[in-house]
Amino acid sequence: MLTIAIAGKPNCGKSTFFTASTLAPVEIANYPFTTIDANTGVAYLRIPCACQELGIQCGHCTNGVRFIPVGMIDVAGLVPDAHEGKGLGNQFLDHLKDADAIIHIIDGSGGTDSEGNPVDAGSHDPHEDIGFIEYEMSMWVYGILEKNWAKLQRSTQQRNFDILEAVAEALAGLKISYENIRDAERNAEIDLKTCSTEDLIKFCSILVPLSKPMVVVANKADLTSEEMRSQLKDTGVSFASAASELALRKAAEGKFITYLPGDPIFEIPPESNLNDAQKKG
Ligand SMILES: Nc1nc2c(ncn2[C@@H]2O[C@H](COP(=O)(O)OP(=O)(O)OP(=O)(O)O)[C@@H](O)[C@H]2O)c(=O)[nH]1
Ligand SMILES: [Mg+2]
């Protein structure tokens, strides 16, 4: 199963997004580092069922819609310089190792500072929060390689030594493939056998997005000004209101509304369809 990690600075809505996607109940609160241990769950990707094209009813989908399981990991908040131990440090970067891809959540409303402390909406520029995760991840991978580097460099003297294989071994368990390493070396225009520290950091900064593709989602869209929204749009981010999605999913779970995740609208069933508890709720 494909696994996606939800990463971002503290208090931007990662756990809310995770619960809205998986319906797994986890702690959500308006302060940094609510999540400490990573949460894992399963979300479902919505795709049209093939039976629709064939004009038949397969009986295995919901109104022509199929839901494909995708693993989700909700990690603790990352702050700039996490690779040097800031915030909760490297331990949490380690949760990203199982991910095939990353959803980077930012607080599009600008209502939290770079460490996740609540501030007036619009007083923090969310653009500042976009680049740092890739940098932290690059430095985390660099840190792992650096620990093994002296040994790797010595081994280059051996006959038939494959540096790409050796790097793949050093990064085993991070879901980084041999091909990713080969392509990153080529794209960085360096030779891993003889490269400087600077070149190795450059290699890592190319390897990370190759091996862990990332999309940026500006959350808290319900509190985001029109002006900020159009500025963020220009950077290619997607928008979400995880809190609104969570409310819709909970209401659908309680059968107060009819709503399939991803629907552009929801419907309220006639009151006669509700039971007594639902009418009171
Ligand atoms: N208005 C609004 N508030 C939201 C939205 N998503 C999350 N929040 C609120 O933002 C605060 C932080 O939400 P969490 O989901 O705990 O954030 P987090 O990123 O997991 O935080 P940490 O675990 O501390 O890193 C809570 O008060 C949420 O209710 C949203 O889409 N809109
Ligand atoms: Mg959280």
Side-chain angles (χ1 to χ4, degrees), residues 3-43 71-83 85-96 98-99 102-124 126 128-130 132-133 136-137 140 214-229 232-233 237-252 259 261-264 266:
T3 299
I4 297 178
I6 303 170
K9 72 177 187 181
N11 212 5
C12 58
K14 297 179 297 300
S15 296
T16 311
F17 190 95
F18 171 82
T19 305
S21 313
T22 60
L23 283 183
V26 299
E27 209 178 335
I28 292 170
N30 189 20
Y31 50 81
F33 301 119
T34 305
T35 307
I36 296 195
D37 294 324
N39 301 301
T40 54
V42 177
M72 301 283 266
I73 314 172
D74 167 33
V75 306
L78 278 171
V79 294
D81 294 329
H83 72 278
K86 288 265 169 65
L88 297 174
N90 254 354
Q91 185 189 343
F92 300 97
L93 282 163
D94 281 348
H95 290 299
L96 301 178
D98 296 324
I102 314 273
I103 295 179
H104 176 195
I105 307 276
I106 59 169
D107 175 351
S109 74
T112 41
D113 68 16
S114 58
E115 313 226 308
N117 302 300
V119 293
D120 291 339
S123 64
H124 177 80
E128 286 175 22
D129 302 330
I130 294 179
F132 90 98
I133 294 253
E136 289 304 320
M137 288 176 67
W140 162 63
M214 186 181 298
V215 291
V216 181
V217 173
N219 188 36
K220 307 193 186 180
D222 50 293
L223 296 180
T224 304
S225 67
E226 273 306 316
E227 193 191 347
M228 183 55 71
R229 193 189 276 254
L232 283 168
K233 221 182 214 166
V237 309
S238 306
F239 292 89
S241 172
S244 313
E245 180 69 15
L246 181 56
L248 286 173
R249 290 214 60 186
K250 288 242 164 101
Y259 172 71
D263 275 350
F266 62 88

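Whatever order the structure lists ligands and atoms in, that order sets their numbers, starting from 1. On a predicted model such as this, the values are computed, not experimentally measured, just so you know.
The protein heavy-atom contact nearest to atom 7 (C) of ligand 1 is Thr16 OG1, 3.3 Å. Given atom 27 (O) of ligand 1, the protein heavy atom at minimum distance is Asn30 CB, 3.4 Å. Ranking the protein heavy atoms by distance from atom 11 (C) of ligand 1 puts Asn11 OD1, 3.4 Å first. Given atom 30 (C) of ligand 1, the protein heavy atom at minimum distance is Ala243 CB, 3.4 Å. Scanning the protein heavy atoms around atom 17 (O) of ligand 1, the nearest turns out to be Gly13 N, 3.1 Å. For atom 28 (C) of ligand 1, the nearest protein heavy atom (residue, atom name, distance) is Ile28 CG2, 3.7 Å.
Nearest to atom 25 (O) of ligand 1 by heavy-atom distance, out of Glu245, Lys9, Lys220, Lys14, is Lys14.
Looking at Pro32 next to ligand 1, no N or O pair under 3.5 Å apart turns up. Considering backbone and side-chain N/O atoms, Cys12 comes within less than 3.5 Å of an N/O atom of ligand 1. The N/O atoms of Ala221, backbone and side chain alike, include none that comes under 3.5 Å of an N/O atom in ligand 1. Residue-to-ligand polar distances place Tyr31 within reach of ligand 1: an N/O pair is separated by less than 3.5 Å.
Using modelled atom types, no side-chain atom of Lys14 and backbone atom of Thr35 make a donor-acceptor pair closer than 3.5 Å. A donor-acceptor pair is defined here as one N or O able to donate and one able to accept, closer than 3.5 Å; no such pair exists between the side chain of Lys86 and the backbone of Leu78. At distances below 3.5 Å, not a single donor-acceptor pair connects side-chain atoms of Asn219 with backbone N or O atoms of Ile105. In this structure, Ser241 contributes its side chain and Lys220 its backbone to no donor-acceptor pair below 3.5 Å. Between the side chain of Glu245 and the main chain of Ala20, no donor-acceptor pair closer than 3.5 Å is present.
Within the 4.0 Å heavy-atom cutoff, Phe17 does not count among the residues contacting ligand 1. Ala76 does not count as a contact of ligand 1, since none of its heavy atoms falls under 4.0 Å from the ligand.
Atoms of ligand 1 lying under 4.0 Å from any heavy atom of Pro10, numbered from 1 in the order shown and given with element: 25 (O). Those atoms of ligand 1 with a heavy atom of Phe33 less than 4.0 angstrom away are 22 (P), 24 (O). Using a 4.0 Å cut-off to heavy atoms of Gly77, the atoms of ligand 1 that qualify are 25 (O). Ligand-side atoms of ligand 1 in range of Ser15: 15 (O), 18 (P), 20 (O), range being under 4.0 angstrom from any heavy atom. Residue Ser241 approaches ligand 1 through these ligand atoms, each under 4.0 Å from one of its heavy atoms: 31 (O).
Using a cut-off of 2.8 Å, one finds that Ser15 contributes an N/O/S atom close to the Mg ion (ligand 2). The distance from the Mg ion (ligand 2) to the nearest N/O/S atom of Thr35 is under 2.8 Å.
Contact annotation: for Ala29 versus ligand 1, heavy atoms closer than 4.0 Å belong to the backbone alone. Under 4.0 angstrom from ligand 1, the non-hydrogen atoms of Leu223 all belong to its side chain. At a 4.0 Å heavy-atom cut-off, ligand 1 touches Asp222 through the side chain alone. Looking at Asn219 against ligand 1, only its side chain comes within 4.0 Å, counting heavy atoms.
Of all heavy-atom pairs between Thr34 and Ala29, the closest is OG1-O, 3.5 Å. Pairing each heavy atom of Ile130 with each of His104, the nearest pair is O-CE1, 3.3 Å. Residues Met72 and Phe18 come closest through the heavy atom pair O-CE1, 3.6 Å.
With Phe17 as the fixed residue, the side-chain contact (heavy atoms from CB on, under 4.5 Å) test singles out one of Thr22, Ile28, Ile6: Ile6.
A donor-acceptor pair shorter than 3.5 Å cannot be found between the side chains of Thr3 and Asp98.
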